[in-house]
Amino acid sequence: MSGIRTRFAPSPTGYLHIGGARTALFNWAYARRHGGHFVLRIEDTDRERSTEASEIAVLEGLRWLGIDWDEGPFRQSERAGRHAEVVEALIAAGRAYRCVCSKEELEERKQRTIAAGDKWTYDGRCRDANHAADCGPHVVRLRMPAEGHIGFEDLVFGPSGQDAREIGDAIIRRSDGVPLYHLAVVVDDADMEISHVIRGADHLNNTPLQLAIYDAMGAKPPIFAHVPLIVSAGGKKLSKRMDDVSVQSYREQGYLPEAVTNWLVRLGWSHGDQEVFSRDEIRELFSLDSVGRGGAQADPDKLAWLDQHYIKALPREALMKLLTPFLEQVAGVSVTPPPGLEQLVDLLRERSKTLIEMAQGARFALVDTVEYEEKAAAKFLKPGSDALLQDLHDALAAIDDWNEKNLETAIHAVRERHELGMGKVAQPIRVAITGTTVSPGIFETLAALGKDRTLARMAAAVGFVRGG
RNA sequence: GCUCCCAUCGUCUAGUGGCCUAGGACGUGGCCCUCUCAAGGCCAAAACACGGGUUCGACUCCCGUUGGGAGCGCCA
């Protein structure tokens, strides 16, 4: 083993969104690339907002994307004892202290400081008071060095850091005894021997504080790599409320997981001019050196393009399996695939951006009777067209061996007899059998539909024209 | 407000001082193909935020300006 250990540590307070998914993907890819371990840890210390449903959704999202983990999922809440132990040890070692300043007092002093034109960090009133455990309601604060710079080398952003005095004595344990996030992550990452922390750039400013905690604990800090945030169309940080960005919603819209991972990995990372990356290529080629520093907007059009690419390449059997739920969805009932459906699906692959789109394109083959789109019928099944349709019906009825070649011969014969262009013949047939003006090539489509159903629909169209 | 960060076509990006009259991809427009819709092929429009330096030479280095973002919680 390489000793490289990465982790993804989502808080289960909603669905897995694309920003988190990309962070997970990067961590996973980095671990795989270097033969390391990828650890999953659920950060559920915020009991108010964490839910089990959300945790399940996050795990399902990761599995769907093909992101597998080697250890976990661990729950941060289960490690409360360990966190408490570390805080006590820090106090005992003089690296942290109890603070009895109330929120109200603090707020007042803060306002006064700001009003005076100074900037606020904790003023250190309790710093050397040496409050004992029985001092009443209190928080625990980290004793920060009074001066000096806490610097580190970020694998993406390069030399980074902050002056210790800018940070101040941060709270590491709340008055209810629950440790804060910064303490918990550091303890967990240290205990789990995480070697590389790859996370969103919104944590760049938190890193010096966390480094101070590592130092206080006497633990060796990991290497950090902050990846730029995925921003919404407006350029702002993604918001779960404002932007529909859950991985689940892409799944429901009929996108393939390969397309989504390919899309996400190219947001902030590149490998020369290459655009298409299979999951295997991601794990073989991913490198933090090639991660950019600017925020990236996710482009839905590019996802659609990638999805079509992967749909085209998907083996037939796998495609049918994935498509089935969507077929049932558009047909409204559970369907037994009609003969010729696989043939039709092959025709549809080149013209579908998502599985839903493909299912919609196959809908006409799933239903018993087609309903004509109003405009389509008005244009191609208008009064007087019954003679042509009847002729076509009869010519098709005469075909013994129902294949593309024979269909083409038969239809062309009728076309020539009526002295019409192909468009004048194909479109009425298309509307008759699909109800719409759009479908794959007419001969292939008829071949896939089958003789019986084609004839029934042609006859129905004749009846429609004659009956008004 | 304070601290930190970022800045190449509409979007994702290549580019690490001369290879750049800045490359690729998505999207957009046009043409070809054509029974519709796609797919495919060809072509096109489209960017180094601005101003100073440094240098023989800057997209690339430095400074400033502008613009954008993040962090400053007894949230994670």
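Naming: A, B, ... by sequence-line order, numbering from 1 per chain.
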TODO: Apply the test side-chain contact (heavy atoms from CB on, under 4.5 Å) to residues A/Arg7 and A/Val197: give CA-CA distance (whole Å), side-chain angles for both, the deciding distance (0.1 Å), then the verdict.
DONE: CA-CA 7 Å; A/Arg7 48 71 161 180; A/Val197 170; 3.6 Å; yes
Open item on the list: For B/G71, does the base pair up with any side-chain atom of A/Asn206 as donor and acceptor (N or O, under 3.5 Å, distance only)?
Closed with: no
TODO: Could you please name the option among B/G24, B/U3, B/C75 that lies closest to any side-chain atom of A/Asp273?
DONE: B/G24
Task: Check: B/C74 base within 3.5 Å donor-acceptor of A/Arg173 side chain - done: no
- [ ] Please work out if A/Lys424 contacts a base, only the sugar-phosphate, or nothing of the nucleic acid, heavy-atom cut-off 4.0 Å.
- [x] nothing
Open item on the list: If the threshold is 4.0 Å, N to carboxylate O, is there a salt bridge linking A/Arg82 and A/Glu85?
Closed with: yes
Task: Under-3.5 Å donor-acceptor pair between A/Lys302 side chain and B/A25 base - done: yes
Open item on the list: The side chain of A/Arg174 is closest to which nucleotide in this list: B/C26, B/A76, B/C35?
Closed with: B/A76
Open item on the list: Base, sugar-phosphate or nothing for A/Ser160? Non-hydrogen atoms, less than 4.0 Å.
Closed with: nothing
Open item on the list: Just to be sure I understand the rule, does A/Ser439 reach a base, reach only the sugar-phosphate, or reach nothing, if contact means heavy atoms closer than 4.0 Å?
Closed with: base
Task: Salt-bridge contact A/Lys119-A/Glu166 (side-chain N to carboxylate O under 4.0 Å) - done: yes
- [ ] Can you check whether any acceptor in the base of B/C5 is under 3.5 Å from a donor in the side chain of A/Arg293, or vice versa?
- [x] no
Open item on the list: Check whether A/Phe74 forms a cation-pi arrangement with A/Arg79 (NZ or CZ under 6.0 Å from the six-membered ring centre, at most 45° off the ring normal).
Closed with: no
Open item on the list: Judged by each residue's nearest nucleotide on RNA chain B, which is more toward the 5′ side, A/Lys353 or A/Ser290?
Closed with: A/Ser290
Open item on the list: Is it true that A/Asn27 and A/His196 share a donor-acceptor pair across their side chains at a distance under 3.5 Å?
Closed with: no
- [ ] For A/Pro440, report the nucleic acid contact type (base, sugar-phosphate, nothing); a contact means any heavy atom under 4.0 Å.
- [x] base
TODO: Just call it for A/Glu166: base, sugar-phosphate, or nothing, with non-hydrogen atoms closer than 4.0 Å on any strand.
DONE: sugar-phosphate
Task: Per A/Gln308 side chain, nearest of listed nucleotides B/G24, B/C12, B/A38 - done: B/A38
- [ ] Go through A/Glu88 and A/Arg98 one step at a time and tell me if the salt bridge (charged side-chain N to carboxylate O under 4.0 Å, His left out) criterion holds.
- [x] CA-CA 10 Å; A/Glu88 288 303 329; A/Arg98 298 186 182 84; 3.6 Å; yes
Task: Polar side-chain contact A/Glu350-B/G40 base: donor and acceptor under 3.5 Å - done: no
Open item on the list: Within the 4.0 Å heavy-atom criterion, would you say A/Leu180 contacts the bases, only the backbone, or no part of the nucleic acid?
Closed with: sugar-phosphate
- [ ] Check every strand shown and say whether A/Gly268 touches a base, only sugar-phosphate, or nothing at a heavy-atom separation below 4.0 Å.
- [x] sugar-phosphate
Open item on the list: Which nucleotide wins on minimum distance to the side chain of A/Glu43, given the candidates B/G73, B/U3, B/A76?
Closed with: B/A76
- [ ] For B/A44 versus B/A38, give the span between their C1' atoms, rounded off to a whole number of Å.
- [x] 22 Å
- [ ] Indicate, with a heavy-atom threshold strictly under 4.0 Å, whether A/Cys99 touches base, sugar-phosphate, or nothing.
- [x] nothing
TODO: Could you work out which one of B/G24, B/U36, B/G73 sits closest to the side chain of A/Lys110?
DONE: B/G73
TODO: Classify the nucleic acid contact of A/Lys103 as base, sugar-phosphate or nothing, counting any heavy atom under 4.0 Å across all strands shown.
DONE: base
Open item on the list: Using a heavy-atom cut-off of 4.0 Å across all strands, would you classify A/His203 as base, sugar-phosphate, or nothing?
Closed with: base
TODO: Would you indicate what A/Leu267 reaches in the nucleic acid, counting non-hydrogen atoms under 4.0 angstrom: base, sugar-phosphate, or nothing?
DONE: sugar-phosphate
Open item on the list: Please pick, from B/U36, B/G40, B/C37, the nucleotide with the shortest atom-to-atom distance to any side-chain atom of A/Arg351.
Closed with: B/C37
Task: Atom-to-atom span, CG of A/Asp299 to C1' of B/U11 - whole angstrom - done: 5 Å
Open item on the list: Does this structure show an ion pair linking A/Glu108 with A/Arg112, if we count only N-O contacts that are shorter than 4.0 Å?
Closed with: yes
- [ ] Measure from the side chain of A/Asp202, starting at C-beta and using heavy atoms only, and say which of B/C75, B/A70, B/C37 lies closest.
- [x] B/A70
Task: Side chain of A/Phe157 - closest among B/C6, B/C75, B/A70 - done: B/C6
Open item on the list: Quiz question: going by heavy-atom distance under 3.5 Å, is there a donor-acceptor pair between the base of B/A70 and the side chain of A/Asn205?
Closed with: yes
Task: Nucleotide nearest A/Ala296 when distance is taken to its side chain, options B/C26, B/U13, B/A76 - done: B/U13
